[in-house]
Number of protein chains: 2
Amino acid sequence: MSPLPSGLLGDLDPTSDRAVFRQIADQLREAIDRGRFREGEKLPSEAELVDHFGVSRMTVRNAFSILQGEGLVHAEHGKGVFVRPRPPVRRLASDRFARRHREQGKSAFIVEADAAGSHPQVDSLEVKEEKPSQDISARLGSVRRVLARRRRYLLDGRPVEFATSYLPLDIARGTPIAEPNPGPGGIYARLEELGHRLDHFEEEIRARMPSPAEVKTLRLAPGVPVIHLIRTAYDTEGRPVEVCDTVMAADAYVLSYHLPAN
Amino acid sequence: MSPLPSGLLGDLDPTSDRAVFRQIADQLREAIDRGRFREGEKLPSEAELVDHFGVSRMTVRNAFSILQGEGLVHAEHGKGVFVRPRPPVRRLASDRFARRHREQGKSAFIVEADAAGSHPQVDSLEVKEEKPSQDISARLGSVRRVLARRRRYLLDGRPVEFATSYLPLDIARGTPIAEPNPGPGGIYARLEELGHRLDHFEEEIRARMPSPAEVKTLRLAPGVPVIHLIRTAYDTEGRPVEVCDTVMAADAYVLSYHLPAN
DNA sequence: CTCGCCCACTCGTCTAGATACCTAAAGGAG
DNA sequence: CTCCTTTAGGTATCTAGACGAGTGGGCGAG
């Protein structure tokens with residue numbers, strides 16, 4: 001095994017009260033930030049760092065586990081530890097549900113991704129009637145059963161978002177909304193055709209670490225949070241007609257909102 | 001050392017291909033989710049788990065480090081590992097900058113926190129002229145120097161938000177905006193008095209893991225992401241007059257937005 | 001030349017300690 | 001009663017080594 005190129009990484013400071021594995025993590029983090037290691041590039045192996053710093057393997061692994069926790073690097077069994085590439089982000093504008101954007105036959109997600117040159121995909125489509133959670137029920141005005149529409153969105157094969165729409169059964173049952181493909185303009189277009197003219201939406205945004213199930217569904221790397229968005233659609237009579245619960249990979253999104261000043 | 005109460009945690013499955021430390025983490029996570037351990041309650045010590053599962057201490061520590069990474073628990077040196085309590089959240093409504101909320105003498109943060117029964121506080125106030133980053137400069141229309149107003153917000157002694165406002169010097173220099181305390185209604189009221197009537201705001205929202213510096217400033221626990229909000233204020237002539245860059249502890253906030261449907 | 005096997009390198013998991021330091025409570029000195 | 005010391009029980013860090021398992025290149029058999 002060849003030694004590390006000198007100058008790539010410095011030495012430890014034995015007088016420091018900072019734990020050795022943190023010092024090693026700091027050095028690697030700084031080297032990555034400074035571009036000494038580029039996106040996707042392989043970092044020195046554990047054995048090389050053991051030699052370079054004169055510590056035991058567990059100490060080096062502790063350092064790596066910090067960086068993995070920060071989402072800066074990822075390990076590949078049998079290959080090495082690599083600098084994680086930053087994925088391209090998707091920008092969501094606050095007028096994305098405006099009526100004027102609802103004319104085309106394709107869904108907003110597909111249109112937008114095509115325009116950005118990505119390959120969009122929608123899968124795990126599930127449409128069924130079910131009993132809503134207490135929270136969803138309350139948002140829809142204490143309904144007992146709802147139609148739930150679940151789907152997952154992918155960009156270039158990477159899952160980026162998992163969404164569930166809940167609609168009161170008296171509105172959705174027996175309509176195109178209960179079909180896997182609700183047709184051009186999506187369920188909002190169908191709702192308006194059914195006489196529920198939309199007035200406004202309320203969105204609630206949280207950010208948190210994903211549950212193990214979300215990690216799996218969105219194939220999230222460690223250290224990547226999720227944005228949890230809950231949108232309620234109201235018709236002109238003030239009735240909530242849909243609640244959409246969306247979990248997004250935070251590294252894939254920027255949300256954008258327009259607020260009037262008055 | 002007394003053994004663990006039986007039934008609190010199960011046994012390992014030696015036939016499973018799931019790593020032992022993950023199995024232990026799974027069991028603890030489930031016990032917490034089911035409320036077997038409550039918020040703030042102490043989990044069994046490392047030694048107790050070593051005895052209970054018949055594994056080495058490193059294995060137990062690996063399990064704990066998973067849960068810490070998820071932000072589910074936190075360790076206190078010399079005391080034990082505890083279920084992390086969920087802090088109360090602060091809700092930000094999308095009309096929080098509306099003109100009608102700008103009448104009082106106190107800042108929106110103080111008023112709102114007082115109403116919620118919390119003890120609000122603002123510190124690390126810094127007001128200075130500086131050279132903006134490329135991003136900030138671009139958002140303000142390529143200005144070369146700006147007035148920066150930095151402050152940190154605390155609720156009941158806990159830092160929850162760190163914000164910096166950037167204003168073009170030609171607008172802010174020599175005005176109350178350049179004072180530590182800009183007076184009733186805050187800098188938006190002053191801007192309007194100076195003839196820059198506000199028209200609208202644009203907000204960009206990201207979520208990510210904090211940098212080490214942000215962990216320090218916001219005293220963030222491991223596993224807590226931050227919400228990064230960048231707001232640009234525009235006057236009625238379409239000129240950007242302020243950019244506010246805000247980093248919030250994600251576990252302390254819910255953002256709420258109102259979107260018209262047309 | 002191609003296929004299959006072996007081997008070197010890599011990370012993943014686990015063991016069994018050692019040392020250091022922190023916290024809280026008990027008990028003694030003043 | 002107050003303050004300090006001791007001590008027991010915690011976590012934090014580190015070492016040294018073992019075995020497992022994925023990857024990919026080299027090399028020999030066919």
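Chain naming here is simple, since letters A, B, ... match the order of the sequence lines and numbering starts at 1 in each.
- Shown here are the ring-ring contact (aromatic ring centres under 6.0 Å, His included) partners of Tyr166(A), two or more places apart in sequence or in another chain: there are none.
- Residue whose closest nucleotide on DNA chain D sits further toward the 5' end, between Gly54(A) and Ala75(B): Ala75(B).
- Across all non-hydrogen atoms, the minimal contact from Ala250(B) to Ala207(A) is CB-O, 3.3 Å.
- One finds a salt bridge joining Asp135(A) and Arg139(A) here, because a Lys/Arg side-chain nitrogen approaches an Asp/Glu carboxylate oxygen to under 4.0 Å.
- The shortest heavy-atom contact between Val55(B) and Leu12(B) is CG1-CD1, 3.9 Å.
- Nearest-nucleotide mapping onto DNA chain D: of Val55(A) and Val81(B), the residue sitting toward the 5' end is Val81(B).
- Atom CG of Leu49(A) sits about 12.0 Å away from atom CZ of Arg61(A), to the nearest 0.5 Å.
- With hydrogens and angles disregarded, a donor-acceptor distance shorter than 3.5 Å links the side chain of Gln23(B) to the backbone of Arg18(B).
- Within residues 58-72 of chain A, the residues having any heavy atom closer than 4.0 Å to DNA chain D are, in order of number, Met58(A), Thr59(A).
- Side chain of Glu46(A), nearest nucleotide from dC11(C), dA12(D), dC14(D): dC11(C).
- Counting to the nearest Å, the P atom of dC14(C) and the CZ atom of Phe53(B) are 13 Å from each other.
- Residues of residues 15-26 of chain A having a heavy atom closer than 4.0 Å to DNA chain C: none are found.
- Atom CD in Glu76(B) sits about 9 Å away from atom P in dT23(C), given to the nearest Å.
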Can you name the atoms? Protein N/O to nucleotides 18-22 of chain C N/O, anything below 3.5 Å, with the distance.
{"residue": "dC21(C)", "atom": "O2", "partner": "His77(B)", "partner atom": "NE2", "Å": "3.1"}

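- Asp251(A) and Arg84(A) are not joined by a salt bridge, as no carboxylate oxygen comes within less than 4.0 angstrom of a charged side-chain nitrogen.
- In plain terms, the two heavy atoms of Phe162(B) and Leu218(B) that are nearest each other are N-CD2, 4.0 Å.
- The separation between Phe82(B) atom CZ and dG10(D) atom P is 11 Å, rounded to whole Å.
- In this structure, the side chain to side chain contact (heavy atoms under 4.5 Å, CB included) partners of Lys42(A), at least two apart in sequence or on a different chain, are Ser45(A), Phe82(A).
- A pairwise comparison of heavy atoms in Val127(B) and Glu179(B) identifies CG2-O, 4.3 Å as the closest pair.
- For the pair Lys42(A) NZ and dT23(D) P, the computed distance is 15 Å after rounding to whole Å.
- With sequence neighbours left out, Arg151(B) forms a side chain to side chain contact (heavy atoms under 4.5 Å, CB included) with Val122(B), Leu125(B), Arg149(B), Tyr153(B), Ala163(B), Ser165(B), Cys244(B).
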